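First listed ligand is number 1; within each ligand, the first listed atom is number 1. Worth saying up front: this structure is predicted, and the values here are computed from it rather than measured.
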Amino acid sequence: MEKKKIVILGAGYGGLRTLKKLQKLKPNADLIIIDKNNYHCETTSLHEVAAGTADADEICYSIDQVIDRKRTLFIQDTVVRVERESKRVILQDSEPVSYDYLLIGLGFEPEFFGIQGMDEYGLAISDIPSVKKIRHHIEDQFKKWGDDRRKERLIIVVGGAGFTSFEFLGELTNRVPHLIARHRVDRGLVRVICIEPTPNALPMFNRHLAEYGANKLIDRGVEFVIGRVSELDGERIFYKDGNETHTLQAGTFIWTGGVSGSSVVGRSGFEQHRGRVVVNTDLTVAGNSEILIIGDCSAVIDPETGRPYPTTAQIAMQQADCAAHNLYALIEGSPTKPFVFKFMGTVCSLGRDDAVGEIMGRNLKGRPASIMKKVIENRSLVKIGGVETMIKKGRFS
Ligand SMILES: Cc1cc2nc3c(=O)[nH]c(=O)nc-3n(C[C@H](O)[C@H](O)[C@H](O)COP(=O)(O)OP(=O)(O)OC[C@H]3O[C@@H](n4cnc5c(N)ncnc54)[C@H](O)[C@@H]3O)c2cc1C
C-alpha cells in the first residue's frame, strides 16, 4: 500500500499530543508537524510569565523532545493558509507542504471585538512574545515612574474578569510587592483595576467559588469596576456603564476579554465563527473527511446545552487522543469513532498557594486547590512531554 502523508499544524496541547499518539500507533504514513516555534509552550501558565512570577523557559520545552526522528519531520515555519483543493499547506518561508490527511491545531488569538485602539495600545496574553512584552511593559512603567513621578504609570487595568483574568491578577498581586520594593514606590500609589461588563466574575464556577476568588483578589488590593471597555487612546481607557462613559488613566491595559481560533482557519475558507469550525462527531470537517480540526480552532457542541464546549487544554488533549485514533483508522480504511468529551473538572489559580476549582463535583479552595492545579499541570506535561521532560524541569511538587 502506498505510504500516505499526515500533516499536523501546531505543536500545542492538541497537535503535539496527537503526534505523540500517532508515533505510538505507527500508521503506514509519513508524519510532518509544523509550528512557528521550535518549542512547545504550556499556554495554561502564560499568565505567570506575563506577571513576572515565572520565566519563559520554565513553561516551554523543545518540540524535539517529543519527536521520533525516524517517523516524523518537524518544520519550523508559520502557516499562512490551507489550500483544500490542491491539498497543500502554504507556509511563510518554505515551499508548500502537501498532505493526504491534515490535522489543524493552531490554537487561539486574542479577540478585540473591534474595540478602538486595542490593536495599538492593548496588551494580551496569547504567546511567549506577548507575555514577555507585558512583563517588560509593567517593569518599564515602574522604572519610568522613578524619573517622572506620573502616577498613572503605576495603574494597571485588566479588561475581563474570567479565568485568564483571575489567574493573571492572582500572580500580579504576588509580583507587585516585589516591584514596589525594588522601585521604592509608595504602596498606596499602585492600583490594579479589573473592568468587567457584568457583576458575574468567573462565570464557569458556582457563585460560592467565584466569590471566594473575587474576595481573595479584593483582599490583595484589586479593585473591581463594572463597565464595558469601548476605546483606548494610549493614556486613557474609556468604558461604558449603561449610557454613561467613564475614563481611567493607566500606564498598562491588558485584555483578557475574549479569544478566537487561529485566523488561518478563516483565511483557508472554512465555514467558521470567530476562527472556530463546528466539526463532525469524529472531528473531521464537513465536506473534507481528510481534515480534522481540534483544540481552540474547533467547536464541539455539548449535547446538553446545544452550545460549544468552552475551549480548554483539557478538551484539546482529549480530542487529540480521538484524532490520532481516527487518523490511523482513515489510513487503515477502518471506521472512525465519535469524540466524547469527559469533563474532569477545572481549577483556576489565584497566585502562589491559592486557587479555586471544581473536581468531580467537589468544590476546592485555597491550598488543596492549588496543589490540584499543579497535579493537573504536571499531568499534561507528562502526557505530552513525557516523564523525562517533567524530570528535566524539576517539577515534582
Ligand atoms: C493564561 C491562560 C490560562 C489557561 N488555563 C487553562 C487551564 O487551567 N485549563 C485548561 O484546560 N485550559 C486553560 N487555558 C486554555 C488553553 O491554554 C487553550 O485552550 C489551549 O492552549 C488550546 O490548545 P490548542 O492545542 O488548541 O492550541 P495551543 O496549545 O495554543 O497550540 C497552538 C500551537 O500552534 C502554533 N501556531 C499558532 N499559529 C501558528 C501559525 N500560523 N503557524 C505555525 N504555528 C502556529 C503555536 O505556536 C502553538 O504551538 C488557558 C489559557 C490561557 C491563555
Side-chain angles (χ1 to χ4, degrees), residues 7-19 33-51 54 59-61 63 66 74-82 89-94 97 103-110 124-131 134 158 160 162-171 204 254-256 258-268 275-276 293-299 309-320 323 341 343-349 355-357 369 372-374 376-377 379-380 384:
V7 176
I8 296 174
L9 306 184
Y13 290 97
L16 204 53
R17 170 83 186 159
T18 305
L19 176 73
I33 186 160
I34 304 172
D35 199 286
K36 61 184 174 184
N37 301 313
N38 61 2
Y39 56 81
H40 167 85
C41 168
E42 292 177 275
T43 304
T44 58
S45 299
L46 276 174
H47 57 285
E48 296 175 27
V49 181
I59 67 157
C60 296
Y61 55 88
I63 291 170
V66 178
F74 168 56
I75 300 174
Q76 185 181 350
D77 206 337
T78 297
V79 176
V80 177
R81 67 179 185 280
V82 175
V89 178
I90 307 302
L91 301 176
Q92 191 172 277
D93 298 320
S94 327
V97 173
L103 178 110
I104 301 179
L106 290 169
F108 67 95
E109 293 174 6
I125 297 173
S126 57
D127 54 14
I128 291 292
S130 73
V131 289
I134 292 173
V158 176
F163 198 95
T164 301
S165 168
F166 267 52
E167 291 212 313
F168 174 65
L169 287 165
E171 293 298 321
M204 65 292 298
I254 295 148
W255 176 246
T256 66
V259 294
S260 55
S262 165
S263 51
V264 169
V265 170
R267 275 202 298 278
S268 306
R276 297 177 73 190
I293 304 187
I294 64 171
D296 288 6
C297 296
S298 71
Y309 288 111
T311 50
T312 59
Q314 182 182 159
I315 193 168
M317 287 170 63
Q318 289 186 26
Q319 286 177 307
F341 177 49
F343 179 62
M344 310 293 280
T346 184
V347 181
C348 173
S349 133
V356 278
M372 184 53 79
K373 179 83 181 174
K374 289 199 175 78
I376 294 168
E377 282 168 359
R379 206 164 160 261
S380 302
I384 300 175

*Asks:* Testing the 3.5 Å rule here: is there a donor-acceptor pair between the side chains of S260 and E109?
*Replies:* no
*Asks:* In ligand 1, which numbered atoms sit nearer than 4.0 Å to a non-hydrogen atom of G295?
*Replies:* 26 (O)
*Asks:* Minimum heavy-atom separation for R81 to V264, with atom names?
*Replies:* CA-CG1, 4.1 Å
*Asks:* For the 3.5 Å polar cut-off, considering only N or O atoms, please tell me whether Q314 and ligand 1 meet it.
*Replies:* yes
*Asks:* Side chain, backbone, both or neither: which part of T346 has a heavy atom under 4.0 Å from ligand 1?
*Replies:* neither
*Asks:* For ligand 1, is any non-hydrogen atom under 4.0 Å from K373's backbone (N, CA, C, O), its side chain (CB onward), both, or neither?
*Replies:* side chain
*Asks:* Could you tell me whether R379 atom CZ has more than 12 heavy atoms of other residues or ligands within 6.0 Å of it?
*Replies:* no
*Asks:* Quick one: closest heavy-atom pair of E167 and T44, and the distance?
*Replies:* OE1-O, 3.8 Å
*Asks:* Please report which non-hydrogen protein atom sits nearest to atom 9 (N) of ligand 1, along with the residue it belongs to and the distance in Å to one decimal place.
*Replies:* T44 CG2, 4.0 Å
*Asks:* Heavy atoms only, cut-off 4.0 Å: how does A313 contact ligand 1, side chain, backbone, both, or neither?
*Replies:* both
*Asks:* Evaluate C297 for polar contact with ligand 1, using N/O atom pairs at a separation under 3.5 Å.
*Replies:* no
*Asks:* Scan side-chain atoms only and decide if S298 and Q319 contain a donor-acceptor pair under the 3.5 Å cut-off.
*Replies:* yes
*Asks:* Examine the proximity of ligand 1 to T164 and report which part, side chain or backbone, both or neither, has a heavy atom under 4.0 Å away.
*Replies:* side chain
*Asks:* Considering only heavy atoms of T78, which atoms of ligand 1 have at least one such atom less than 4.0 Å away?
*Replies:* 41 (N), 42 (N), 43 (C)
*Asks:* Please report the closest heavy-atom contact between H47 and S349, naming both atoms and the distance.
*Replies:* NE2-OG, 4.2 Å
*Asks:* S262 versus ligand 1: do any nitrogen or oxygen atoms come within less than 3.5 Å of each other?
*Replies:* no
*Asks:* For ligand 1, which part of F168 has a heavy atom less than 4.0 Å away: the side chain, the backbone, both, or neither?
*Replies:* neither
*Asks:* In Å, rounded to the nearest 0.5 Å, how long is the span from CG of L9 to CG of D35?
*Replies:* 9.5 Å
*Asks:* Please work out, at 4.0 Å between heavy atoms, whether the side chain, the backbone, both, or neither of N37 comes within that distance of ligand 1.
*Replies:* side chain
*Asks:* What protein heavy atom lies closest to atom 40 (C) of ligand 1? Include the residue and the distance to one decimal.
*Replies:* V79 N, 3.7 Å
*Asks:* I want to know if ligand 1 touches D35 in the polar sense, i.e. an N/O pair below 3.5 angstrom.
*Replies:* yes
*Asks:* For atom 44 (N) of ligand 1, find the nearest protein heavy atom and state the residue, atom name and distance (0.1 Å precision).
*Replies:* K36 N, 3.1 Å
